[in-house]
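Every chain is numbered from 1, with letters handed out A, B, ... down the list of sequences. No experiment lies behind these values; they were computed from the predicted model shown.
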There are 2 protein chains.
Amino acid sequence: MNSAPDSSIETILERMRAGGGRITKKRIRIVQVLMQFEHPASADEIRQKAELPETDLVTVYRNLEALQGIGVIQRIPLENGTQLFELTAPGEHYHHLICRECHQAERLDLCIGKEVLGRAKAHGYSQITHVMEVYGVCKDCDSDS
Amino acid sequence: MNSAPDSSIETILERMRAGGGRITKKRIRIVQVLMQFEHPASADEIRQKAELPETDLVTVYRNLEALQGIGVIQRIPLENGTQLFELTAPGEHYHHLICRECHQAERLDLCIGKEVLGRAKAHGYSQITHVMEVYGVCKDCDSDS
DNA sequence: TTAACTAATGAAAGTAGATTGCATTAGAGG
DNA sequence: CCTCTAATGCAATCTACTTTCATTAGTTAA
Ligand SMILES: [Mn+2]
Ligand SMILES: [Mn+2]
Ligand SMILES: [Zn+2]
Ligand SMILES: [Zn+2]
């Protein structure tokens with residue numbers, strides 16, 4: 001009769017509900033897939049892993065947009081103009097080490113948020129965010145001569 | 001009869017020549033425009049400022065690509081998937097404070113290069129670079145309610 | 001349960017920035 | 001000049017993403 005700790009998908013769905021969103025099969029599946037991924041993924045990778053007979057890419061994009069709106073996921077803009085998506089803990093955000101060849105991304109424990117905030121405010125800016133990603137060639141891709 | 005300090009356009013053109021490149025009117029003009037800009041600019045902004053009767057956008061892109069190849073300019077990938085270009089001193093690179101509304105970008109004196117390099121190497125990565133850009137809304141755009 | 005409301009979805013078309021293919025032009029060297 | 005080929009312009013293409021709109025399916029409450 002007590003409510004569970006809710007570190008699960010229910011927390012996220014409840015957040016969407018609170019914002020007036022409906023809980024659909026596709027939406028549940030997309031959130032599940034995001035939870036399964038260990039690395040940031042592209043919209044198309046998410047669609048592929050979803051495996052519901054037909055999940056249109058546009059549906060994935062719309063759900064990702066909605067999820068970002070409530071702070072459940074983070075969008076990672078890559079050098080090449082594309083983006084990856086990653087589930088984030090409440091109030092958190094992450095930075096990554098990304099392979100330029102295979103686009104695999106692993107989380108980096110490093111943030112310049114504090115330094116940046118002061119500077120940006122001093123320049124008269126508001127609503128400050130930052131992007132920081134490290135690029136290189138991973139061991140695997142490097143050995144593939 | 002002595003060679004000038006060469007902090008001018010000649011240094012850059014010489015670098016292109018050294019790489020087997022030709023010195024064309026369009027190319028000179030594009031470099032001039034890059035030198036005139038005080039802020040990072042998009043390919044199309046560069047084309048517009050060039051003002052040669054007809055400079056095709058594709059020519060601007062190709063020259064920017066070549067200039068980046070010899071380290072004369074830096075490419076700044078934005079959150080929205082587009083990119084800006086900026087002349088950089090030899091061996092240097094810069095980070096910026098960018099307005100999400102008007103896309104104006106000013107240079108920030110802040111770099112995490114050192115911290116990043118060690119981490120990335122520890123993960124087995126090579127050819128390491130990093131992107132770091134701060135976003136916000138500038139005073140002008142903020143007052144435009 | 002069922003009806004009504006409307007958010008979510010899918011199919012198709014559209015967008016924007018950047019890139020490619022190819023015929024033509026024009027640097028650079030002899 | 002003449003030759004060689006890099007650079008250019010134009011058009012077509014690409015790709016990631018967005019918009020439009022008709023249809024489907026959650027949600028709520030009668
Ligand atoms: Mn950070
Ligand atoms: Mn740096
Ligand atoms: Zn790799
Ligand atoms: Zn602004």
Side-chain angles (χ1 to χ4, degrees), chain A residues 9-10 12-33 40-48 50-70 72-73 75-85 98 103, chain B residues 9-10 12-33 40-48 50-70 72-85 98 103 105:
Chain A
I9 194 173
E10 261 312 317
I12 294 172
L13 296 183
E14 183 47 48
R15 286 224 259 166
M16 301 202 81
R17 233 188 302 262
R22 293 177 181 176
I23 306 306
T24 68
K25 289 163 192 164
K26 301 294 169 68
R27 179 157 290 177
I28 292 170
R29 185 74 191 121
I30 288 169
V31 173
Q32 282 177 340
V33 167
S42 69
D44 195 56
E45 283 169 337
I46 293 165
R47 186 192 57 81
Q48 284 175 40
E51 289 179 335
L52 292 184
E54 304 271 316
T55 303
D56 199 284
L57 195 52
V58 75
T59 298
V60 177
Y61 276 114
R62 285 193 275 229
N63 277 291
L64 291 172
E65 172 68 23
L67 287 167
Q68 191 200 25
I70 58 174
V72 167
I73 64 169
R75 202 182 285 253
I76 307 165
L78 300 191
E79 274 186 337
N80 64 6
T82 65
Q83 43 194 326
L84 301 180
F85 302 87
I98 303 164
H103 300 121
Chain B
I9 195 170
E10 261 312 316
I12 295 172
L13 297 182
E14 184 47 48
R15 287 224 259 166
M16 301 202 81
R17 235 188 302 263
R22 293 177 181 175
I23 306 305
T24 67
K25 289 164 192 163
K26 301 293 168 69
R27 179 157 289 176
I28 293 170
R29 185 73 192 122
I30 288 168
V31 173
Q32 282 178 340
V33 166
S42 69
D44 195 57
E45 282 169 337
I46 293 164
R47 186 192 57 81
Q48 284 175 39
E51 290 180 335
L52 291 184
E54 304 271 315
T55 304
D56 199 284
L57 196 51
V58 74
T59 298
V60 176
Y61 276 113
R62 285 193 274 230
N63 278 291
L64 290 172
E65 172 69 23
L67 288 167
Q68 191 200 25
I70 59 175
V72 167
I73 65 169
Q74 168 185 358
R75 201 182 287 252
I76 306 165
L78 300 191
E79 273 187 336
N80 65 6
T82 64
Q83 44 194 321
L84 300 181
F85 302 87
I98 304 164
H103 300 122

query = Can you find a heavy atom in the side chain of A:L67 that is under 4.5 Å from one in the side chain of A:M16?
reply = yes

task = Classify the side chain of B:R22 and the base of D:dT5 as holding, or not holding, a donor-acceptor pair under 3.5 Å.
result = yes

ask   = Is the shortest side-chain N/O distance from B:T59 to OP1 or OP2 of D:dG9 below 4.0 Å?
value = yes

ask   = With no angle test and no hydrogens, is the base of D:dG26 tied to the side chain of A:R27 by a donor-acceptor pair under 3.5 Å?
value = no

query = Side chains of B:Q74 and B:F85: does their closest heavy-atom pair fall under 4.5 Å?
reply = no

request  = Return the value, rounded to whole Å, for the distance between atom CG of B:D56 and atom P of C:dT19.
outcome  = 13 Å

ask   = So, do B:N63 and B:I46 sit near enough that their side-chain heavy atoms are less than 4.5 Å apart?
value = no

message = Closest approach to the side chain of A:R62, judged atom by atom: which nucleotide of D:dT19, D:dG26, D:dC10 is it?
response = D:dT19

query = Hey, does the side chain of A:R29 reach the backbone of A:A50 with a donor-acceptor pair shorter than 3.5 angstrom?
reply = yes

message = Any N or O donor-acceptor pair under 3.5 Å from the base of C:dG27 to the side chain of B:R17?
response = no

task = Nearest whole angstrom, please: distance from the P of D:dA16 to the CG of A:D44.
result = 8 Å

message = Over all strands shown, is B:G81 touching base, sugar-phosphate only, or nothing at heavy-atom distances under 4.0 angstrom?
response = nothing

ask   = Any salt bridge between B:R17 and B:E14, counting N to O under 4.0 Å?
value = yes

ask   = In whole angstrom, what separates B:I23's CD1 from C:dG29's P?
value = 10 Å

message = Both A:G20 and B:E65 contact DNA chain C. Which one's nearest nucleotide lies toward the 5' end?
response = A:G20

inquiry  = Please confirm whether the shortest side-chain N or O distance from B:K26 to OP1 or OP2 of C:dA26 is below 4.0 Å.
reply    = no

query = For the pair made of CZ in B:F85 and P in C:dG17, what is the distance, rounded to whole Å?
reply = 12 Å

OP1 or OP2 of D:dT8 under 4.0 Å from side-chain N/O of B:K25 = no

ask   = Does a nitrogen or oxygen in the side chain of A:Q83 sit under 4.0 Å from OP1 or OP2 of D:dC17?
value = yes

query = C:dG27 P sits how many Å from B:M16 CE, rounded?
reply = 15 Å

task = May I have the distance from A:E54 (atom CD) to D:dT24 (atom P), rounded to whole angstrom?
result = 15 Å

inquiry  = Check whether B:R27 reaches the backbone of B:R22 with its side chain - one donor and one acceptor, N or O, closer than 3.5 Å.
reply    = yes

key: D:dT8 phosphate, OP1 or OP2, under 4.0 Å from B:N63 side-chain N/O   = yes

query = What's the CZ-P distance between A:R47 and C:dT9, to the nearest Å?
reply = 15 Å

query = Any idea which of C:dT9, D:dC10, C:dG17 is nearest the B:T82 side chain?
reply = C:dG17

task = Rounded to the nearest angstrom, tell me the gap between atom CD1 in A:I30 and atom P in C:dA8.
result = 12 Å

remark   = Which of C:dA11, D:dG26, D:dG9 is nearest the side chain of A:V58? It is C:dA11

